[in-house]
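Throughout, numbering of the chain's residues begins at 1 and tracks the sequence. Note that the structure is predicted; figures quoted are calculated from it, not measured.
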Amino acid sequence: MPVSRSPRPWRSSTSQALPLLNPAAIRDLATGLFIERREHVLLYGPAGTGKTHLAQALGHHACRSGRSVLFLKAVKLFRTLQSSRADNSWDAELRRLLAPDLLIIDDFGLKPMTMTQAEDFYEIVAERHLRGSIIVTSNRPPADWLSLFPDPVMANSALDRLAHNAHHFVMKGESYRKKMRPNSPAPATNQTEHTEGQTAQ
């Protein structure tokens, strides 16, 4: 039986890396209450603005709180599900994706989905709805996700479950990867907007 340990306080390193995050909103997520409430978190904005960094930090803190977490790149998620269809392990793979308290899907929406991929994504969202939390990072805002689905009815059904029960964080600013280049000028400060239950404008 695993030993329950109290999580460490939220470290300042995340605030230093993402200086204009709303500290109160991030501390609220770090409590893990959104996981208990089966709510989702959507992090979206240009490449290099810290979406994956924040998602991993929240996942790490959830682990330290005794919660189970699974982190997957969207490309690997779809590739694994496709392979599981070939060896008849799709049901087992779906159960693996439904089991953790928190599922993190990174880099969603880099390209449109095939019908099979859309069906798989819908199945994950529908099955986890009100049962487990999801964090999704994407370079596209949720309003643009509809066009990624070949079937608009499936798209609306999936996004109605996912986006309307989520904390939305719009990540803004210049890419941190660009800032880290040798001899790059002093970085401009990145910004994050936070809303709940609707897309921030």
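Scanning all heavy atoms of the two residues, the minimum distance from Leu103 to Leu97 falls at CD2-O, 4.0 Å. Of all heavy-atom pairs between Pro46 and Met171, the closest is CD-O, 3.2 Å. Here the closest non-hydrogen pair linking Leu102 and Gly59 is CD2-CA, 4.2 Å. Pairing each heavy atom of Glu123 with each of Leu94, the nearest pair is CG-CD2, 3.8 Å. Residue Ile104 comes nearest to Ala55 through the heavy atom pair CD1-O, 3.4 Å, listed as atom of the first residue, atom of the second, then distance. The minimum heavy-atom distance linking Asp28 with Arg37 is given by the pair OD2-NH2, 4.1 Å.
In this structure, CZ on Arg140 lies 11.5 Å from CG on Leu146, to the nearest 0.5 angstrom. A distance of 6.5 Å separates OG1 in Thr80 from CZ in Arg96, rounded to the nearest 0.5 Å. Separating the SG atom in Cys63 from the CG atom in Leu58 is a distance of 11.0 Å, to the nearest 0.5 Å. Between atom CG of residue Asp87 and atom CD of residue Glu93 there is a gap of 9.5 Å, rounded to the nearest 0.5 Å. From Ser133, atom OG reaches atom CD of Glu36 across 9.5 Å, with rounding to the nearest 0.5 Å. Between atom CZ of residue Arg128 and atom CG of residue Leu162 there is a gap of 11.0 Å, rounded to the nearest 0.5 Å.
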Do any side-chain atoms of residues 115-122 form donor-acceptor pairs under 3.5 angstrom with protein atoms, and if so which ones, sequence neighbours left out?
from, atom 1, to, atom 2, distance (Å)
Gln117, OE1, Thr114, N, 3.0
Asp120, OD1, Arg85, NH2, 2.5
Asp120, OD1, Trp90, NE1, 3.1

Tell me which donor-acceptor pairs under 3.5 Å the side chains of residues 70-79 have, and how far apart each pair is, sequence neighbours excluded?
from, atom 1, to, atom 2, distance (Å)
Lys73, NZ, Asp106, OD2, 2.4
Lys73, NZ, Asp107, OD2, 3.3

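No side-chain heavy atom of Leu54 sits less than 4.5 Å from a side-chain heavy atom of Leu29. Looking only at side-chain heavy atoms (C-beta outward), Trp145 and Met113 stay at 4.5 Å or farther from each other. Between Leu130 and Arg161 there is no side-chain heavy-atom pair separated by less than 4.5 Å. Side-chain atoms of Asp144 and Pro141, non-hydrogen and from C-beta on, do get closer than 4.5 Å to each other. Between Val69 and Pro100 there is no side-chain heavy-atom pair separated by less than 4.5 Å.
A salt bridge does not link Arg95 to Glu127: none of the charged side-chain nitrogens sits closer than 4.0 Å to a carboxylate oxygen.
Under a hydrophobic clustering in which Ile, Leu, Val, Met, Phe, Trp and Tyr are joined whenever their side-chain heavy atoms come within less than 4.5 Å, directly or via other members, Leu110 and Leu42 fall into different clusters.
The 12-atom threshold is exceeded at NE2 of His129, counting heavy atoms of other residues, nucleotides or ligands nearer than 6.0 Å.
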Verdict with supporting geometry, His168 and Tyr44, side chain to side chain contact (heavy atoms under 4.5 Å, CB included): CA-CA 8 Å; His168 293 239; Tyr44 46 96; 3.0 Å; yes

So Val125 and His40, side chain to side chain contact (heavy atoms under 4.5 Å, CB included) or not? Walk me through it. CA-CA 10 Å; Val125 172; His40 311 308; 5.8 Å; no

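Formation of a donor-acceptor pair under 3.5 Å by the Ser157 side chain with backbone atoms of Met154 is not found in this model. Using a distance-only test at 3.5 Å, with no hydrogens or angles considered, a donor-acceptor pair links the side chain of Ser138 to the main chain of Phe108. Between the side chain of Arg38 and the backbone N or O of Asp101 there is no donor-acceptor pair closer than 3.5 Å.
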